[in-house]
Amino acid sequence: MARVLITSALPYINGIKHLGNLVGSMLPADVYARFKRQQGQETLFICATDEHGTPAELAARAAGQDVADYCREQYEIQKKAGDAFGLSFDHFGRSSNPPNHRLTQHFAHVLEEKGLIEERTDRQVYSVDDERFLPDRYVEGTCPHCGYEKARGDQCDSCGRLLDPVDLIDPYSAISGSKNVEMRETKHLYLLQEQMQDRIAQWVASKKDWPQLTKSIAQKWLKEGLRDRSITRDLKWGIPVAYEGELRPGFENKVFYVWFDAPIEYIAATEEWSEKSGEDWQRWWRTDKGADDVKYVEFMGKDNVAFHTVSFPATLLGSEEPWKTVDALKSLNWLTWYGGKFSTSQNRGIFMDQALELLPADYWRWHLMANAPESDDASFTLEHFASVVNKDLADVLGNFVNRITRFCKARFGEEVPSEGSYGEAEAALEKELDAKIKSYTHNLEVMEFRKAFVDLRGIWVAGNEYLQVAAPWTAIKEDREKAAASVRCALNLIVLFAALSRPVIPFTADKMFAIFGLDPEEASRWPASAGEALSRFKGGESFTPPDVLFAKIEEDQVAAWREQFGAE
RNA sequence: GGCGGGGUAGCUCAGUUGGUGAGAGCGCAGGAUUCAUAACCCUGAGGUCGGCGGUUCAAAUCCGCCCCCCGCUACCA
């Protein structure tokens, strides 16, 4: 079976991520990685922080910190939050680590050897007081079209027109407010993507099974024609323009553009992983070193698609070296907070660390994945969240586990009953489960997460329906053996549910295995058939009824959170 | 402005190679049940499928025009 390489878009270093960022790439990638591992497929799941660029420098300055220190702290915060959410990265790296420096410089060098890089001189806004060049977004001024006084250099938020910084009347630095700005010449390296148009177009055309959203974004860029792109910036924090330690003359105060080095970190993070684990990273990334056998799946938000379908492939293909390129690609839309944007500065929305202070990770994981923004932007509301958690997790799944373990304990003791044998009801259940598991597995395989979790919920419901039909609490009055068989069947269902649910609610799944003292790694192997799963326990196995798996969310909690997190 | 995505029950969403009475979950109403977290299970009510026009025996689905929401537009990442 092919090996699977999974990457999640790299979260930017600047601050803890919100629920929208989480469900936009890291969480669906985790669910898929867990699913693949449970299927027994050799899986490598890689992520990292994306640490370079202007926002990191400015945030560090605002915090009164050295950039490197700031990034180190932020990295630890993000890593901790990811761990707490159960994100099962094989490695969570940093784009500022040495392997990415080496590799980025390697790519720039090879691309230049292939004649795909040249120096060009740009004119750009320079802020004398800030002592830095300003990206278009960091220049503000009066819009020449509508007179709005806080138009940005790239676009006017008032009239929506696209602008060039030189168009602005009375421009000033958005960083300091200083009007002491001027145009200055600056030299940069350009990646000659125009020359690669055909190669990229051909490569994109060969990707038959990309989702519609992905394909249309890639094709749009190609249709407009690829443009040569500057891959360096006038910044201090980043990967210096140097090859084998030699700074490039004229580029002493420049670094590579964050979007050039960030995707390279997918590879470099794998190298970091190999340093840690002693494994060979090249067999995952070099088709001449075994990576032909790899299926590479990328997860990202829709804003990232062009960079992953065009820019990063241009780097890889342009090198003419045998690098592995993406096979399947899952892009998600945005999760909004009550229809608007999540915002740190305006205290709108819930961030990863805050979420876990309110409730355990699985509550969030389930709701986010079952309502993932796949076809369109989706709105997160606390009311919807509470309703989904209470109904799906507490009433359907949690209650199922609770009712049957308590019933068994009361009537048969803390041991799986061995009497009786399965009959018609169990045969019907098995048949129904086989069909549902097949559909669920397929939907996970093709990464249709909303559909997959409709299936999973349906599987849980089938458990409750079965109990309703089997009604051991009635049967036991006249036919103890029949009651025993159905209790045994229901207890087996708990283990089956745990295995199937583990990709999305891993913490709870492991609690469910723990009821029976099962080893999660063994017990969570993807079930071959419902029949096999239902015959795991023959009787005599001891168990411990668990505490309630999911507490319900109360209305007054929702009200308090609305207040706290700026719901509208 | 250009491009892309979306507009289907009160809410969140499925549903297009055009075709049996337009679906699910939540919410709501009724019923059944008592093992269970006032939970589970069954039944039901509820929709001019954004608007107008067209093609067709037949349109949520195809075509045209229009309205609304979101995103991207290559120096934010």
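Chain letters run A, B, ... following the sequence lines, proteins first and then strands; every chain starts at 1. Everything numeric here is computed off the predicted structure, so don't read it as measured data.
Nucleotide B:C41 has B:G31 as its partner under the Watson-Crick or G-U criteria, with both atom distances under 3.5 Å. Using N1 to N3 plus N6-O4 or O6-N4 for Watson-Crick, or N1-O2 and O6-N3 for G-U wobble, each under 3.5 Å, B:G64 pairs with B:C52. Applying the Watson-Crick and G-U wobble criteria (two distances, each under 3.5 Å), B:G25 pairs with B:C11. Using Watson-Crick or G-U wobble geometry with both donor-acceptor distances under 3.5 Å, B:C3 finds its partner in B:G71. B:A59 is unpaired under the Watson-Crick or G-U wobble criterion, no partner having all donor-acceptor distances under 3.5 Å.
You'll find that the side chain of A:V548 is closest to B:U37, out of B:C26, B:U37, B:A77. Closest to the side chain of A:F407, out of B:U37, B:C35, B:A39, is B:C35. Here the side chain of A:Q155 is nearest to one of B:C76, B:A77, B:U73, namely B:U73. For A:R403, whose side chain is taken as the heavy atoms from C-beta onward, the closest listed nucleotide among B:C35, B:A77, B:G25 is B:C35. Comparing B:C3, B:A77, B:G25 by their nearest atom to the side chain of A:P55 picks out B:A77. Distances from the side chain of A:R406 to the nucleotides B:C72, B:A36, B:G15 place B:A36 closest.
Evaluation of atom-type donor-acceptor distances gives a pair under 3.5 Å for the side chain of A:N399 against the base of B:A36. In terms of polar N and O atoms assigned as donor or acceptor, the side chain of A:R227 comes within less than 3.5 Å of the base of B:A74 in a complementary pairing. Put simply, the side chain of A:N402 and the base of B:C35 share no donor and acceptor less than 3.5 Å apart.
As a whole-Å value, the separation of A:M300 CE from B:A77 P is 18 Å. The CG atom of A:N333 sits 9 Å away from the P atom of B:G6 (whole-angstrom rounding). As rounded to whole Å, 10 Å separates atom C1' of B:C40 from atom CD of A:E465. B:A39 atom P lies 10 Å from atom CD of A:E554, rounded to whole Å. Put simply, CG on A:L335 is 15 Å from P on B:C70, counting in whole angstrom units. The CG atom of A:D395 sits 13 Å away from the C1' atom of B:C41 (whole-angstrom rounding). Across the protein-nucleic acid pair, A:Q124 atom CD and B:A74 atom P stand 14 Å apart, rounded to whole Å. When rounded to the nearest whole Å, the span between CG of A:L467 and C1' of B:C42 equals 16 Å.
Taking a 4.0 Å limit (strictly below) on heavy-atom distances, residues 468-481 of chain A reaches RNA chain B at A:Q468, A:W473.
Centroid-to-centroid, the aromatic rings of A:H308 and A:Y266 come within less than 6.0 Å.
The aromatic rings of A:F380 and A:F385 sit tilted relative to each other, their planes meeting at an angle between 30° and 60°. Taking the six-membered ring where tryptophan is involved, the planes of A:F307 and A:W259 are essentially parallel, since the angle between them stays under 30° and well short of 60°.
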Can you check nucleotides 8-13 of chain B for protein contacts, nitrogen or oxygen pairs under 3.5 Å, and list what you find?
none

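Across B:U43 and B:C3, the matching P atoms stand 49 Å from one another, rounded to whole Å. Straight-line distance between the P atoms of B:C69 and B:C75: roughly 29 Å, to the nearest whole Å. Taking atom P on both nucleotides, B:G19 is separated from B:C62 by 10 Å, rounded to a whole Å.
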Run the numbers on A:E448 and A:H442 for side chain to side chain contact (heavy atoms under 4.5 Å, CB included), then give the verdict. CA-CA 9 Å; A:E448 292 274 358; A:H442 175 259; over 6 Å; no
Worked check of ring pair (Phe, Tyr, Trp, His ring centres under 6.0 Å) between A:F400 and A:F497: CA-CA 10 Å; A:F400 174 80; A:F497 290 176; 5.2 Å; yes
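Side-chain atoms of A:D455 come within 3.5 Å of backbone N or O of A:Y440 as a donor-acceptor pair. Put simply, the side chain of A:S176 never gets that close to the backbone of A:S173: no donor and acceptor are under 3.5 Å apart.
The residue A:L10 sits apart from the nucleic acid: no heavy atom pair falls under 4.0 Å. Among the atoms of the strands shown, base atoms are found under 4.0 Å from some heavy atom of A:F307.
Shown are A:Y257, A:Y190, A:F251; of these, the side-chain contact (heavy atoms from CB on, under 4.5 Å) with A:T232 is made only by A:F251.
A donor-acceptor pair shorter than 3.5 Å can be found between the side chains of A:H188 and A:D234. Residues A:E57 and A:Y70 have side chains that never bring a donor and an acceptor to within less than 3.5 angstrom of each other.
Sequence order on RNA chain B of the closest nucleotides to A:K223 and A:I404 puts A:K223 first from the 5' end.
Other residues, nucleotides and ligands contribute at most 12 non-hydrogen atoms within 6.0 Å of the NZ atom of A:K482.
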